[in-house]
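Predicted model only: the values in this text are computed from it and were never measured. Order of the sequence lines sets the chain letters (A, B, ...), proteins ahead of strands, with each chain counted from 1.
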Amino acid sequence: MPELPEVETTLRGIAPHMEHRVIDAIEVRDDRLRQKIPTAVQRVVGHQVESLRRRAKYILIRTANGTLLIHLGMSGSLRVLTSEQEPSRHDHFDIVTGGTTIRYNDPRRFGLLLWHDSSPESHPLLSSLGPEPLGDAFDGDYLYQKSRGRRLAVKNYIMDGRVVVGVGNIYASEALFMAGISPVRAAGRVSLARYRALAAAIRDVLARAIRRGGTTLRDFVDSDGAPGYFAQELLVYGRAGQACFQCGRALQQRVIGQRSSFYCKTCQS
DNA sequence: ACAGTAACCTGTTTGC
DNA sequence: TGCAAACAGGTTACTG
């Protein structure tokens, strides 16, 4: 479910309930996630949250006694519960801070809750990640340089977290349409000018999606349980057979690298 | 090093 | 209506 804008939306929702607060308890009721939730997560209990931030699609909660890493996988969500509420199916853990319960739900169990002792950048899952798409180190020149000689489809290239983080299946299709690039074009066969347009499109679509609270296709909810409203602004994703907003011809759908991809065969090459 | 595929899960939608 | 297949926002491990 969650790509970068959805994780960012979640982070902003939980931030007021976590920043500078002491973590009173972590209640794990189902430790079966992509990796088993380690007992070491309890080490942050009793410590204040020193910083709360996002790296790629990870939420990082730093304390003086280590950092919690949370990943939402495909179907994870964090909800802020204001009153006592009975845990239900797929509620894996709660983080309790100053009377607020932050509850993690994840039906498909592709998410993570991990503990790391030092700088989270050194964690094996984070150490080889590429630059943030909204940061200074990411631009068209970077995408161009790094892609020389690569033959894989450009859509798969920009979805590779070692190249750039946070671009998932929805926003990859959207950005490629905005830049007029065919998703199946070999990454090494995209010009510098077009990579500049693509980098700009990626930044633009992610920033706009964050402003709308993310994209809810079926079940994404923010920390208040509300959906995101960017789905209304999607140009190609999920619109197979419907008219292209630019040329009016029917949009295509096909599987590229095991993922459904949407594009206009007239406007993208 | 690179590219492609299978795998990890459950829930919902689609198609016969 | 019923049942099985297909599909879903992510990521890693394995193969050749």
Side-chain angles (χ1 to χ4, degrees), chain A residues 1-11 30-37 54-59 69-78 88-92 104-114 123-130 133 145-176 183-189 202 205-206 209-210 212-222 226-234 236-241 253-262:
Chain A
M1 147 193 44
E3 299 186 38
L4 187 149
E6 292 74 39
V7 177
E8 183 67 29
T9 298
T10 298
L11 175 69
D30 182 353
D31 64 11
R32 299 172 305 158
L33 291 178
R34 191 170 105 216
Q35 293 178 31
K36 185 178 189 287
I37 298 175
R54 178 188 60 71
R55 168 72 175 118
K57 295 169 190 164
Y58 293 87
I59 290 171
L69 284 70
I70 298 174
H71 197 289
L72 303 179
M74 283 282 248
S75 57
S77 64
L78 283 169
S88 56
R89 198 162 159 74
H90 306 308
D91 283 342
H92 289 263
Y104 180 87
N105 183 277
D106 188 357
R108 291 180 71 181
R109 296 198 261 126
F110 289 150
L112 291 170
L113 173 64
L114 297 172
H123 191 279
L125 290 172
L126 302 186
S127 61
S128 60
L129 292 179
Q145 301 286 342
K146 199 170 175 72
S147 63
R148 291 310 88 185
R150 301 289 304 271
R151 293 180 201 187
L152 85 167
V154 62
K155 175 162 181 274
N156 297 333
Y157 174 68
I158 60 170
M159 288 179 68
D160 183 343
R162 292 164 301 188
V163 175
V164 58
V165 300
V167 182
N169 201 36
I170 296 176
Y171 302 113
S173 280
E174 292 296 308
L176 286 163
V184 293
R185 173 175 286 273
R189 296 276 185 130
I202 289 171
V205 72
L206 293 178
I210 290 170
R212 289 280 173 269
T215 298
T216 297
L217 286 186
R218 46 192 345 172
D219 55 11
F220 171 72
V221 288
D222 68 16
Y229 296 102
F230 193 69
Q232 306 159 227
E233 298 183 31
L234 293 174
V236 290
Y237 191 91
R239 299 192 61 243
Q253 173 177 10
R254 63 176 278 196
V255 175
I256 302 167
Q258 302 176 316
R259 315 302 298 275
S260 269
S261 308
F262 299 85

Legend entry - Per-nucleotide protein contact string for nucleotides 10-16 of chain B, where B marks a base within reach and S marks sugar-phosphate only (heavy atoms under 4.0 Å, - for neither): BSSS---

Inset, instruction - Using atom CE of A:M159 as one end and atom C1' of C:dG10 as the other, report the distance to the nearest whole Å. - result: 8 Å

Legend entry - A:N169 CG to C:dG10 P, straight-line distance once rounded to whole Å: 6 Å

Inset, instruction - Just call it for A:S260: base, sugar-phosphate, or nothing, with non-hydrogen atoms closer than 4.0 Å on any strand. - result: sugar-phosphate

Inset, instruction - Let me know the distance between NZ of A:K155 and P of B:dA3, rounded to the nearest Å. - result: 16 Å

Legend entry - Separation between the P atoms of C:dC7 and B:dT5, rounded to whole Å: 15 Å

Inset, instruction - Please report, rounded to the nearest Å, how far the P atom of B:dG4 is from the CG atom of A:D160. - result: 12 Å

Inset, instruction - Determine, stepwise, if the pair A:T215 / A:Y171 fulfils side-chain hydrogen bond (donor to acceptor under 3.5 Å, both in side chains). - result: CA-CA 10 Å; A:T215 298; A:Y171 302 113; 2.6 Å; yes

Legend entry - For atom CZ of A:R150 and atom C1' of B:dA1, their distance in whole Å: 8 Å

Inset, instruction - Check the distance between C:dT12's C1' and A:R259's CZ and give it to me in whole angstrom. - result: 13 Å

Inset, instruction - Enter the distance from A:L112:CG to A:D106:CG here, rounded to the nearest 0.5 Å. - result: 9.0 Å

Inset, instruction - Check whether more than 12 heavy atoms from other residues, nucleotides or ligands sit under 6.0 Å from atom CZ of A:R162, and answer yes or no. - result: no

Inset, instruction - Name the closest nucleotide to the A:R34 side chain, picking from B:dA3, B:dT5, C:dT12. - result: C:dT12

Inset, instruction - Go through the structure and list residues passing salt bridge (Lys or Arg N to Asp or Glu O under 4.0 Å) with A:R108, not counting sequence neighbours. - result: none

Legend entry - B:dC9 OP1/OP2 closer than 4.0 Å to side-chain N/O of A:S75: no

Inset, instruction - Sticking with atom C1', work out how far B:dG11 lies from C:dT12, rounded to a whole angstrom. - result: 23 Å

Inset, instruction - Could you tell me whether the side chains of A:Q253 and A:S260 share a donor-acceptor contact shorter than 3.5 Å? - result: yes

Inset, instruction - Round to a whole Å and report the spacing from CD1 of A:I256 to P of B:dG4. - result: 11 Å

Inset, instruction - Between B:dA6, C:dG10, B:dA3, spot the one nearest the side chain of A:L152, thanks. - result: B:dA3

Legend entry - Of the listed nucleotides B:dA3, C:dT11, B:dC9, the one nearest the side chain of A:K57: C:dT11

Inset, instruction - Can you run through DNA chain C from 5' to 3' and write each base as (, ), [, ], | or . depending on how it pairs? Watson-Crick or G-U wobble, both distances under 3.5 Å. - result: .|||||||.|||||||

Inset, instruction - Could you work out the separation of C:dA6 and B:dA6 based on their P atoms and round it to a whole Å? - result: 14 Å

Inset, instruction - Taking the side chain as every heavy atom from C-beta outward, state whether A:S147 and A:Y157 have any pair of such atoms under 4.5 Å apart. - result: yes

Inset, instruction - Could you tell me which residues satisfy ring-ring contact (aromatic ring centres under 6.0 Å, His included) with A:H92, sequence neighbours excluded, listed by chain and number? - result: none

Inset, instruction - Using the test salt bridge (Lys or Arg N to Asp or Glu O under 4.0 Å), find all partners of A:R259 that sit at least two apart in sequence or belong to another chain. - result: none

Inset, instruction - May I ask you to verify if any side-chain N or O of A:H71 is less than 4.0 angstrom from the OP1 or OP2 atom of C:dG10? - result: no

Inset, instruction - Using the test salt bridge (Lys or Arg N to Asp or Glu O under 4.0 Å), find all partners of A:R212 that sit at least two apart in sequence or belong to another chain. - result: A:E233

Inset, instruction - List the atom of A:R54, the atom of A:L4, and the distance in Å for their closest heavy-atom pair. - result: NH1-CD1, 3.3 Å

Legend entry - Euclidean distance, atom NE2 of residue A:H123 to atom P of C:dT12 [Å, nearest integer]: 11 Å

